[in-house]
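Atom set for the values below is all heavy atoms of this structure, side chains included, hydrogens, waters and symmetry mates excluded. Here the structure is a predicted model, which is why all the values come from computation and not from measurement.
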Amino acid sequence: MIPEHPHGTWEAAPATRWEDGYLSGNGRHGALAFGDPHDDRVIVTHHDLVRPDGGPLPLPPALAHQLPLLQDQLLAGDVTAAERFTDGRPLRRVPAFHPAFQVRFVRDDVVWRGYRRAVDFATGVCEARCGGWSSRVFVSRADDVVVRYVTGTRLDGEVSLDPRLSGVPGGLGVGRSVVLTPDGARLTLHCRYPESDLGYSGVTLALVEGGRVSVGGAGLRVTGASGLLLLTRVRRHVGELDTACEASALADVLEHAASIEAAYANLLSRHTALHRPAYERVTLDLAAPRHQRGLPGSELLAQPHSPALLERLFAAGRYHLLSSSGALPPRLTGLWTGEWDTAWSGAFTTDANLNLQTSSAVACALPETLDAHAALIQGQLAHWRDNARLIFGARGIVAPAHTDGESGHAYHYQRAYPMHLWTAGADWLLTPLLEQADASGERPAWLAAAVTELALFYEDFLTRTGPDGRIAIVPSYSPENRPVNASWGTVNATMDIAAARHALRTAAAWHPGPDGERWAALADRLPDYRVNEEGALAEWAWPGLADAYDHRHLSHLYPVWPHHDINPYDTPERAKAARRALELRGAENDSAHGHLHHALIAARLRDAPRVADCLRHVLTGDYFHAALMSAHYPRRDVYNADAAHTLPALVTEALLQSTPDRLVLLPALPADWRRGAVRGLRTRFGARVDLRWGGGRCTALVRPERDADVDLRTPAGGDGRLRLTAGEDHEITLRTR
């Protein structure tokens with residue numbers, strides 16, 4: 001019932017808030033389980049469910065004809081000129097992600113005895129038990145279906161599909177039906193969005209063992225049953241949906257099992273064959289006391305200094321990241337929500353949030369997340385070309401800062417957030433896929449083409465120069481900040497410089513020959529980073545622009561993380577300036593992503609005390625719900641996956657960092673991680689690494705999949721070269737202090 005440490009969590013009471021419900025998902029469908037033995041509710045979600053907001057979505061603004069004038073004005077010192085670079089349209093937010101409905105089983109009588117609910121990260125099963133009753137829920141990766149299996153000595157109650165969730169629009173058109181079948185029933189729910197021909201439908205196939213079934217007041221009435229198997233799918237569609245065909249497809253996944261118990265076992269077996277190996281590729285053990293490992297999640301969260309809490313959050317973070325990655329990568333809320341009024345539309349924000357959430361995918365061996373990330377990009381490349389052409393008059397691609405998962409057009413902008421000026425997004429979004437290409441040794445053709453398109457954009461866009469004769473990136477934008485003495489749209493934001501340099505050098509490396517030589521030469525003409533009068537790496541490398549330090553974003557440290565352009569080994573003076581910039585940075589509104597972004601950069605700069613301090617802020621700030629999904633702000637304010645999904649990346653960066661030609665062991669190990677082990681981390685030079693440390697020593701087992709010759713960096717100065725041969729394990733023993 002309670003999964004073995006740390007691969008699950010549990011509670012001694014049902015969830016009363018949807019935010020505390022246990023989560024399961026396959027990257028398409030999601031399930032949020034309350035575990036209430038009287039009103040056993042499961043909220044069903046799907047990545048496709050975004051609410052139309054009236055009419056076709058807009059194109060990006062056609063501003064290319066105004067670009068030369070804007071560039072002239074900014075270079076001449078007009079610090080507010082970019083505020084006029086607009087077509088006058090009002091802000092239009094991206095369409096909002098929303099839940100589908102609840103699948104409810106309301107029972108007539110409940111015996112409250114020995115209640116427990118738990119989620120097993122290794123299987124994705126959310127289970128609740130009470131007085132001989134049990135309810136198990138998972139979302140199958142193999143069959144793309146929400147599976148629910150309820151058992152008990154006598155099950156009396158009503159099953160229904162209920163769309164009544166917080167914020168549901170009053171104009172939502174709803175239709176229901178229940179059709180009895182020889183072994184149960186087919187329940188359908190049709191929902192039509194207000195003033196739209198779009199809608200979505202849910203179909204639940206109910207199989208009942210023992211007892212009797214009849215049509216109830218709102219659904220299926222079950223009397224005297226001993227078992228109940230519910231299979232649910234949801235579809236977004238135009239016009240009507242053939243629900244009989246959908247039900248037939250659901251029946252096909254049963255494979256003529258002899259009983260509903262056997263059917264459940266078959267469904268679970270097919271699912272775990274895909275889910276368990278993915279989840280178990282990487283594990284973390286911080287030698288936590290056994291009694292702490294056995295605590296319910298809510299009690300463990302009240303012990304923020306416990307190593308058991310970090311173990312469980314690491315495991316939960318990988319589980320939730322895997323579960324929300326499939327057709328698309330995780331949204332701001334992962335794959336789950338219990339309300340229609342989801343903050344920031346429950347969409348994808350690409351100027352920090354999505355990138356942070358997926359930042360562990362390479363090192364933590366989750367190619368499923370990277371495949372989903374690639375699917376988002378590939379589905380939007382045509383729109384990215386529109387952004388480049390219409391806004392900048394350029395070939396190539398420009399990514400939007402916000403997307404609902406469908407449209408990739410850059411139309412979400414306003415005076416204080418001129419997102420349409422941001423050109424670094426495509427580089428950041430492509431970065432994890434480039435790192436995966438390093439790790440796997442494979443370069444997908446579509447990715448190589450995207451790298452080329454990004455270089456073409458910079459070739460067309462980077463045509464202006466500053467007084468020093470070097471390229472001036474104009475307009476330029478550092479999300480979501482502004483200089484103290486200028487407006488948001490400026491010149492030479494450090495992030496834009498770093499992104500352009502990385503994109504052009506990557507394209508040059510991937511495409512040797514005249515094109516590559518031209519792109520490399522363009523990269524060499526980009527401006528240097530600037531160190532300000534306080535010794536800090538400046539957020540804008542344009543003379544006269546003053547830094548604003550109290551901000552949640554750390555865009556100017558992009559060359560430190562996610563890239564390695566500035567690091568303590570090759571560029572120690574710039575690394576010193578980056579560390580000074582980190583010291584001066586405030587936390588603004590204490591958003592979880594700001595603290596963890598800060599910590600990731602500190603880890604790259606080998607600043608273990610700062611890593612520990614940022615982590616302390618997150619663990620003591622009441623950011624985590626009982627289900628171990630996180631919130632955006634302290635005191636569990638605004639359901640948001642940033643902290644939950646980013647925390648595994650921070651743990652990994654503190655233990656191991658890699659590039660195609662470097663391995664760094666224990667670069668930022670917090671002092672209170674005295675003993676531990678991690679297994680299965682993936683490097684960018686094609687090896688897997690197991691680490692074990694304690695008592696002042698560390699052993700690293702490096703298992704290369706291809707030959708490599710890399711620079712080795714260790715905490716106690718045992719640096720040198722590491723020559724690896726494919727298939728031959730290499731063990732390294734070193735001092736940690």
Side-chain angles (χ1 to χ4, degrees), residues 18 21-35 39-49 98-106 124-128 135-150 157-165 174-181 183-191 199-208 213 216 218-220 222 227-237 241-254 257 260 263-264 266-268 270-271 323 326-327 335-338:
W18 68 262
Y22 285 147
L23 307 174
S24 186
N26 66 356
R28 293 174 295 278
H29 282 90
L32 196 156
F34 289 74
D39 186 358
D40 185 16
R41 293 182 289 159
V42 174
I43 295 177
V44 176
T45 62
H46 196 287
H47 260 314
D48 285 350
L49 295 184
H98 66 85
F101 47 79
Q102 302 175 91
V103 182
R104 301 177 67 180
F105 180 36
V106 181
V125 175
C126 307
E127 182 175 6
S135 177
R136 283 165 274 185
V137 179
F138 71 90
V139 184
S140 172
R141 291 195 83 88
D143 297 304
D144 191 21
V145 61
V146 180
V147 179
R148 181 146 154 227
Y149 182 39
V150 185
E158 188 162 313
V159 179
S160 64
L161 308 186
D162 186 354
R164 293 172 299 173
L165 293 165
V174 176
R176 295 185 179 90
S177 68
V178 178
V179 177
L180 300 182
T181 64
D183 49 6
R186 179 177 80 238
L187 293 84
T188 60
L189 176 71
H190 300 285
C191 297
Y200 63 95
S201 297
V203 178
T204 293
L205 185 65
L207 304 181
V208 182
V213 297
L220 175 69
V222 177
L228 179 63
L229 182 64
L230 305 174
L231 306 181
T232 301
R233 283 183 180 145
V234 62
R235 295 281 185 265
R236 186 171 184 256
H237 54 86
L241 182 72
D242 187 342
T243 52
C245 182
E246 290 292 313
S248 176
L250 282 173
D252 288 344
V253 307
L254 297 171
I260 64 172
Y264 174 79
N266 292 342
L267 287 161
L268 181 60
R270 291 199 297 272
H271 163 69
S323 300
L335 181 52
W336 306 277
T337 183

- CZ/R236 to NE2/H47 distance, rounded to the nearest 0.5 angstrom? 14.0 Å

- Note on the structure: dist H237:NE2 -> D48:CG (nearest 0.5 Å) comes out at 11.5 Å

- One should read off an interatomic distance between R235 CZ and H46 NE2, to the nearest 0.5 angstrom, of 6.0 Å

- Message: Tell me the closest heavy-atom pair linking V146 and G30, and the distance in Å.
- Response: CG2-O, 4.4 Å

- From CA spacing to verdict: side chain to side chain contact (heavy atoms under 4.5 Å, CB included), L229, L254: CA-CA 11 Å; L229 182 64; L254 297 171; 4.0 Å; yes

- Query: Which atom names give the shortest non-hydrogen contact between S323 and R141, and what distance separates them?
  - Reply: CA-NH1, 4.3 Å

- Item | side chain to side chain contact (heavy atoms under 4.5 Å, CB included) evaluation trace for L161 with T188 | CA-CA 7 Å; L161 308 186; T188 60; 5.6 Å; no

- Message: A side-chain contact here means heavy atoms from C-beta on lying under 4.5 Å apart; do T232 and F101 qualify?
- Response: yes

- Shortest non-hydrogen contact between S135 and V150, atoms and distance: OG-CG2, 3.9 Å

- Query: For V234, does its backbone N or O pair with a side-chain atom of Y200 as donor and acceptor, under 3.5 Å?
  - Reply: no

- Message: Could you report the tightest heavy-atom contact between L335 and G25, atom names first, then the distance?
- Response: CD2-CA, 4.3 Å

- Item | Short side-chain to backbone donor-acceptor contact, T181 and G184, under 3.5 Å | yes

- Message: Going by side chain to side chain contact (heavy atoms under 4.5 Å, CB included), name the residues that satisfy it together with L23, two or more places apart in sequence or in a different chain.
- Response: L32, H320, W336, M629, Y639

- Query: Between the side chain of D162 and the main-chain N/O of Q102, is any donor-acceptor distance below 3.5 Å?
  - Reply: no

- Item | Nearest-0.5 Å distance that lies between atom CG in L250 and atom OG1 in T204 | 8.0 Å

- Pair Y149-F138, ring-ring contact (aromatic ring centres under 6.0 Å, His included): steps then yes or no: CA-CA 9 Å; Y149 182 39; F138 71 90; over 10 Å; no

- Item | Test side chain to side chain contact (heavy atoms under 4.5 Å, CB included) applied to L231 and V147, step by step | CA-CA 5 Å; L231 306 181; V147 179; 4.0 Å; yes

- Would H29 and D144 count as having a side-chain donor-acceptor pair, cut-off 3.5 Å? yes

- Backbone of A31 reached by a side-chain donor or acceptor of S24 within 3.5 Å: no

- Message: With a 4.5 Å cut-off on side-chain heavy atoms, are L165 and H98 touching?
- Response: no

- Where do I43 and G338 come nearest, in terms of heavy atoms and distance? CD1-CA, 3.9 Å

- Message: L180 vs L220, test: side chain to side chain contact (heavy atoms under 4.5 Å, CB included). Steps then yes/no.
- Response: CA-CA 8 Å; L180 300 182; L220 175 69; 3.7 Å; yes

- Spatial distance of atom CG (L49) from atom OG1 (T337) [nearest 0.5 Å]: 11.0 Å

- E158 side chain to G219 main-chain N or O, any donor-acceptor pair under 3.5 Å? yes

- Message: Within the structure provided, determine whether R270 and V253 are in side-chain contact (heavy-atom separation under 4.5 Å).
- Response: yes

- Which residues share a side chain to side chain contact (heavy atoms under 4.5 Å, CB included) with A247, sequence neighbours left out: R186, V203

- Message: For a quick test of reading the model, state the closest non-hydrogen atom pair linking R148 to V103 and the distance between them.
- Response: NH1-O, 2.9 Å

- Item | Backbone N/O of H271 and side chain of S140: donor-acceptor pair under 3.5 Å | no

- Message: Under a 4.0 Å threshold between the charged nitrogen and the carboxylate oxygen, would D39 count as salt-bridged to R104?
- Response: yes

- Query: How far does CG of L205 sit from CG of D183, to the nearest 0.5 angstrom?
  - Reply: 7.0 Å

